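The block underneath contains the structure these notes are about, expressed in structure tokens.
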Amino acid sequence: MSVYWPDYKFGDFENSVSRLFDDFFKDLNVERQSGNNISRSSGSRTNWTPPLDVHESEKEYSVNAELPGVTKEQINLDVRENTLIISGETKKDEKYKEGNTHIQERRYGSFTRAISLPRNVKTGDITAKFENGILEVKLPKDENAAKKISIQ
């Protein structure tokens, strides 16, 4: 016996779970700028959200973004108003112009993630590397930032 579960119901469930986790993790100040928007009429994905890991050590913060199928040239990295912005765009693979695509799970289109930075980040010393589909951004801490605050 097989069970048929239409894609639109799973998509609604996926969006509900995503909203639940987004609400739960709002305190981390990690924003989704573009959701996993799926056009039901064409089945194409036009915007997507790369998953992130954010880690803190004694000397730095590290942000890892999973960007499979993206090249280094397709990634934009910017710091504006104490916010790290990771964005870019991937193009749809035009390899299969003839015939029918039965399953399409690869993501393409534009993506943006914005992360509010703590005040103790040395924005001038941020470094990034991209290897094997993972963007790693190192955000060094300013050791003197905590000493700058004084209460009179």
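All values reported here derive from a predicted model rather than from experimental measurement.
Ile75 and Ile85 are not part of a single hydrophobic cluster, where members link through side-chain heavy atoms under 4.5 Å apart.
In this structure, a donor-acceptor pair under 3.5 Å is absent between the side chains of Tyr108 and Asn47.
Residues satisfying the side-chain hydrogen bond (donor to acceptor under 3.5 Å, both in side chains) criterion with Asp78, sequence neighbours excluded, are Arg80. In this view, Lys91 and Glu89 satisfy the salt bridge (charged side-chain N to carboxylate O under 4.0 Å, His left out) rule, not counting sequence neighbours. Applying the side-chain hydrogen bond (donor to acceptor under 3.5 Å, both in side chains) criterion to Glu56, with sequence neighbours excluded, gives Lys141. Take Leu77 and apply the side chain to side chain contact (heavy atoms under 4.5 Å, CB included) test, not counting sequence neighbours, and it matches Leu84, Ile86, Ala128, Leu135, Val137.
Without hydrogens or angle criteria, Thr90 side chain to Gly109 main chain gives a donor-acceptor distance under 3.5 Å.
Applying the salt bridge (charged side-chain N to carboxylate O under 4.0 Å, His left out) rule to pairs touching residues 121-137 yields Lys129-Glu136, Glu136-Lys138, sequence neighbours excluded.
Scanning all heavy atoms of the two residues, the minimum distance from Trp48 to Phe111 falls at O-CB, 3.1 Å. The two residues Thr83 and Ala114 make their nearest non-hydrogen contact at CG2-CB, 3.8 Å.
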ask   = Which is it for Leu117 and Thr123 under the side-chain contact (heavy atoms from CB on, under 4.5 Å) test, yes or no, and what are the steps along the way?
value = CA-CA 9 Å; Leu117 299 177; Thr123 56; 4.3 Å; yes
Using residues 63-73 as the side-chain source, report each donor-acceptor pair under 3.5 Å to any protein atom, sequence neighbours left out, with the distance given to one decimal.
unit_1 : atom_1 : unit_2 : atom_2 : d
Thr71  : OG1    : Gln74  : OE1    : 3.2

